[in-house]
Amino acid sequence: MIRIEQRSRSLAELFRALGDETRLQIVALLSHGELCVCHLQAALETSQPNVSRHLAVLRGAGLVEVRREGTWMRYRLRPQDEPERGRLLQALTRSPRIDDRLVRKLLRLRKTMGPAACR
């Protein structure tokens, strides 16, 4: 009984975190590799505080982890401990609707900033 409650709580946390379009786009972008806030900011065409706030929600839900590289913070998707969460996350980031937007955003990101913009 406790295991079922824990699992449903974990899934509810996942859906709450992904219930925002910007956070879903961040997760989709991170599904293609590690990025810093400035890359996410450029791809989403939004402010740094806005991206950071969304990243904090995703970190709190256990979806994103951070790595310091000098003065830069690099974000990536966190491997999920629960297979069910991992499958749901993978299915969401491979959605055709997200992929169309994601491809445009990634192309714009690569064109404007390049891979080493934060160095």
Side-chain angles (χ1 to χ4, degrees):
M1 184 82 150
I2 293 174
R3 177 71 178 136
I4 292 170
E5 288 175 9
Q6 287 173 336
R7 189 170 54 192
S8 65
R9 204 171 315 124
S10 175
L11 291 176
E13 181 181 63
L14 172 76
F15 287 119
R16 265 194 306 275
L18 296 175
D20 179 272
E21 184 177 2
T22 300
R23 288 194 290 270
L24 190 55
Q25 290 175 341
I26 289 171
V27 167
L29 286 164
L30 292 175
S31 74
H32 290 270
E34 187 176 73
L35 295 169
C36 70
V37 173
C38 66
H39 286 119
L40 293 167
Q41 178 184 346
L44 299 171
E45 298 176 343
T46 190
S47 68
Q48 179 273 323
N50 188 29
V51 172
S52 293
R53 186 181 74 246
H54 287 296
L55 284 166
V57 171
L58 294 170
R59 283 181 71 193
L63 296 171
V64 171
E65 60 188 12
V66 65
R67 175 180 67 86
R68 180 177 291 279
E69 186 177 292
T71 59
W72 303 105
M73 302 298 279
R74 303 235 178 242
Y75 293 86
R76 62 181 168 249
L77 289 182
R78 183 179 173 273
Q80 297 300 296
D81 298 332
E82 298 175 28
E84 193 170 10
R85 278 177 60 119
R87 285 191 300 274
L88 285 169
L89 194 57
Q90 190 174 51
L92 287 169
T93 58
R94 291 188 177 165
S95 165
R97 182 170 176 247
I98 294 172
D99 281 349
D100 290 343
R101 287 189 221 163
L102 181 62
V103 168
R104 287 193 300 270
K105 288 175 192 269
L106 283 174
L107 289 174
R108 182 177 43 219
L109 177 65
R110 288 184 182 134
K111 181 180 176 183
T112 60
M113 302 187 82
C118 299
R119 295 178 192 253

What pair of heavy atoms forms the shortest contact from Cys36 to Arg74, and how long is it?
CB-NH1, 3.8 Å
Test item: Leu63 and Arg85 side chains (from C-beta on) under 4.5 Å apart, heavy atoms:
yes
Identify, with sequence neighbours excluded, every residue that meets side-chain hydrogen bond (donor to acceptor under 3.5 Å, both in side chains) alongside Thr22.
none
What's the spacing between Leu88 CG and Glu82 CD if we round to 0.5 Å?
10.5 Å
Side chains of Leu35 and Ile26 in contact at under 4.5 Å (non-hydrogen atoms)
no
Is there side-chain contact between Leu29 and Leu44, with heavy atoms separated by less than 4.5 Å?
yes
Just to verify, what does Asp20 make a side-chain hydrogen bond (donor to acceptor under 3.5 Å, both in side chains) with, not counting sequence neighbours?
none
Of all residues at least two apart in sequence or in a different chain, which pass the salt bridge (Lys or Arg N to Asp or Glu O under 4.0 Å) check with Arg23?
none
Determine yes or no for a side-chain-to-main-chain donor-acceptor pair under 3.5 angstrom, with Gln25 supplying the side chain and Leu40 the backbone.
no
Interatomic spacing from CG in Asn50 to CD in Glu45 - rounded to 0.5 Å:
12.5 Å
According to side-chain hydrogen bond (donor to acceptor under 3.5 Å, both in side chains), who are the partners of Glu65, at least two apart in sequence or on a separate chain?
Arg76
So, the side chain of Ser52 versus the backbone of Pro49: is there a donor-acceptor pair under 3.5 Å, distance only?
no
Cluster overlap Val64 with Phe15, hydrophobic side-chain contacts below 4.5 Å:
yes
Arg67: salt bridge (Lys or Arg N to Asp or Glu O under 4.0 Å) partners, not counting sequence neighbours
Glu34, Glu69
Cluster link Val57 to Leu89, ILVMFWY, side chain under 4.5 Å
no
Minimal non-hydrogen separation, Leu30 against Tyr75, with atom names:
CD2-O, 3.4 Å
Test side-chain hydrogen bond (donor to acceptor under 3.5 Å, both in side chains) applied to Gln41 - qualifying residues, sequence neighbours left out:
none
